[in-house]
Each structure stands twice: as structure tokens, then as C-alpha cells.
Number of protein chains: 2
Amino acid sequence: MCPAPARTTDAAIVTAARALLERDGPAGVTMQAVGAAVGVRGPSLYKRIADRAALLRAIEAEALAELGARLEAVAGPPARLAARRMAVAYRAFARESPKTYAMLFSPERWDEAGDAARARAVAPVLAVTAALAGQADALAAARLLTAFLHGWVSMELAGAFRLGGDVEAAFAYALDATIEGIEARRAAARI
Amino acid sequence: MCPAPARTTDAAIVTAARALLERDGPAGVTMQAVGAAVGVRGPSLYKRIADRAALLRAIEAEALAELGARLEAVAGPPARLAARRMAVAYRAFARESPKTYAMLFSPERWDEAGDAARARAVAPVLAVTAALAGQADALAAARLLTAFLHGWVSMELAGAFRLGGDVEAAFAYALDATIEGIEARRAAARI
DNA sequence: GTCTATATTCAGATAGAC
DNA sequence: GTCTATCTGAATATAGAC
């Protein structure tokens, strides 16, 4: 019907762009490289997406949905165990998609759709910290837990743990201490 | 004596480059812009520094020395208070030099000199966590504390706390919970 | 030590044919 | 929808005069 039938799809473009991001970093996600990966020329992509920024936003949306689903998948009581499982799932996601993960925290392209996607992704964490810390401290506790996890995986991905020692054991220690600290503050508040 | 006396200094170049980094981000640190900021042309800088990467390494070294000095300045017992003061100092440094701070965790240019500078910068933190957590867990506790702080300030600088609430109060809560968690694990280990 | 001039490379994005 | 050809711009770094 068309003189030039579609040779690719929007989904394939996003998938290929994310693969390029992981392989070559953000600078490797050029329109030409993405086009080549899906079998078209670079300029042809502009018939489907507005510009490079829109492509990167699409990668972010896909990644946030994936992260949220992984966290949701390990939800459920008891809260203490759920917190541990979510921490493990979060760390696993970051290790499997390090460059994509890093992009989630670069604010250049944030918009309202991104805000909504972020809120959905962290909802399971908020549910867990509400149970761990009490409703009054749920948000603060969620911020502690995500800050710790984000800091930890960022440092791991940057190769910042360079003083030796057992990093796996340290992660277990740090996660336990964080959860215990949250629980301890709840107990203190009840007195 | 010279036909063309020096119009700038190495120190001025690093200072100007760091100011450009803070104003325009890493991409703003071009050789031409740095040259203009110190009153010479871009290519003239190559008589003083090997290349752009060396310039960025020099910024990192300066920043790490500054951060280490700030942490050292608030050291001293009691450990619990020192940990709090260091957290505040760390956060203040990141807020005053956000782009420079972010660059400290981008591993592209790390070398042995950078490792040594990093080790010096975190030495005060290790001293504090040794007192807080005991010698056996000092490194793991330092990793917890730095991961939490790095994660927290990274999220703040990225504008990632977008669910409302009192971020200052949440920081106080999170810092207290982290310190208490470290202390609680020490008590648990002693039993 | 600084200059001008330039080699080199490569990116995003558009125009218009098919 | 895809193509080729091109515009536009900017960056790092070098060469060689002064």
C-alpha cells in the first residue's frame, strides 16, 4: 500500500537505543548509530521521533517501568524481608543496566511524564517503609532507603569501592544497619 | 627576559576551569572557554597542560583535597557528633560545588594519583566509623555512611526529591537512623 | 608563551526526491 | 517512510611564526 513500507518500529528503535547506551554510553547513542542498528539511515528516524532528547526520554520511561515492575514483584509482608528483597532487586537492575540506570538520575530531560513514571516506580518502596517506619515517617524512611541504595550502586558502578574488603559482606551489613536504624527510630518515637 | 611573558598561571587555569564547570557543566569546559577565562587563546593552554583530560584531573585533585580538609576540620570525639558534623560538611561541599562533586564519581579518568587523593579524603570518615562501629566493621560502616551521603546529595542535586514533604527533616531523620543502625549492629555483635 | 590558521572529526538536524 | 546530500556548528589538537 505504501511506496516505502516501514522497516522498523518505534519499540525496536527504543530497544536498539538502549542497547547502544549500555554498550557505548550516552555519547554512543547517535541518531546514525541507532538507525544503523534498526536497519535504516539516521535521518529517517526523524520521521518517527522529534529529536534525540525524545529518544532518551523514551529509554527512561521504559527503564522506569521495568524497575517499578521488579520492585512490585517482590513486595508483600513481612516488611523487613520485602525491604531486603527490594534492595536486592534494585541493585540487580542497576548492575544489569548500569548506563541506563545512571541516566535515570540525570535531570536534564525531566518532564511531567517522567515524574509520574518515577512516582509509580517508587510506590512499592513507600509501601514497605510505611510498614517499617510507620505512616508518619514513611516518606523520610523511603528517602533514606533509596538514597542508600542509589549511593551504593552508584559507587559500585563507578568502581568507587577501592579499599579492599568484602563488598558483598559490606552490602549485607549496610542494608541490615539501615533497616535496623529505621525500626529503631520507630521504637523511639513510640516511647 | 622572555619575549612573551606568562599571562596566566597553572593555578588560575584550574580555578577558571572549575568555575566554568560549575557554570556550564562538563561540556562547558572547552579549551577555548578556559583560555578566554584566563586571558589567553585556547591553543596556548597546550603549552602548560597535556590535554583536556589532564585539566579535568587537576580539578578533581583540587576538589578532593578541599573535601578531605573539610572533613578533617570537623573530626574529633565524640564519634557520634563527628559523624553528624562530617555529614553536614559533606553535604555542604556538594551543594556549593555540585558539578565538581558529580565529576568526582565519574570514573573515566581515574588513575593512581586520584586513588591516593580519594583515600586521603575519606580517611576522616574511616576514623569516625572505627569508633562508631568497632574496628572490625569500620570499613563496612564507612561504606554505608558514604553511600548514604553520596546517594542523598546526588538525589538532591538531581532534584529527585519530588514528592513533597520536609527534605531537611528527612535528612535529619535519615542521618540519625543510619548512625543508630551502625551503633545497633555494634551492640548486636558484642552479645 | 602566545598567537593565527588550520587539520580533523563528528554531531544534530533539514530539504527534497522517490 | 526512507533515501541522499547538505547545512551548520563545534570540538580537540597541531604547526609554525613571533
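A, B, ... follow the sequence lines: proteins, then strands. Residue 1 opens every chain.
A side-chain hydrogen bond (donor to acceptor under 3.5 Å, both in side chains) check over residues 115-139 of chain B, counting only residues at least two apart or in different chains, returns the pairs A:Arg162-B:Asp115. For the ring-ring contact (aromatic ring centres under 6.0 Å, His included) condition, the pairs that include at least one residue of residues 72-95 of chain A, sequence neighbours left out, are A:Tyr90-A:Tyr101. Residue pairs satisfying the salt bridge (Lys or Arg N to Asp or Glu O under 4.0 Å) criterion with at least one member in residues 148-159 of chain A, sequence neighbours excluded, are listed as follows: A:Arg91-A:Glu156, A:Arg95-A:Glu156.
Of the residues in residues 25-47 of chain A, A:Val29, A:Thr30, A:Met31, A:Pro43, A:Tyr46 come within less than 4.0 Å of DNA chain C through at least one heavy atom, sorted by number. Listed by residue number, there are no residues of residues 51-62 of chain A with a heavy-atom contact under 4.0 Å to DNA chain D.
In this structure, B:Ile49 places its CD1 atom 10 Å from P of D:dT12, rounding to the nearest Å.
A:Glu62 meets the side-chain contact (heavy atoms from CB on, under 4.5 Å) test with A:Val14, A:Thr15, A:Arg18; sequence neighbours excluded. Judged as a side-chain hydrogen bond (donor to acceptor under 3.5 Å, both in side chains), and not counting sequence neighbours, A:Ser44 has no contacts.
A:Ile59 has its side chain within reach of A:Met103: a pair of non-hydrogen atoms, C-beta onward, lies under 4.5 Å apart.
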Extract all donor-acceptor atom pairs below 3.5 Å that involve side chains of residues 172-179 of chain A and protein atoms in other chains or at least two apart in sequence.
| residue | atom | partner | partner atom | Å |
| --- | --- | --- | --- | --- |
| A:Asp176 | OD1 | A:Arg84 | NE | 3.2 |
| A:Asp176 | OD1 | A:Arg84 | NH2 | 2.5 |
| A:Thr178 | OG1 | A:Ala174 | O | 2.8 |

For residues 31-40 of chain B, tabulate all N or O donor-acceptor pairs below 3.5 Å that involve a side-chain atom, not counting sequence neighbours.
none

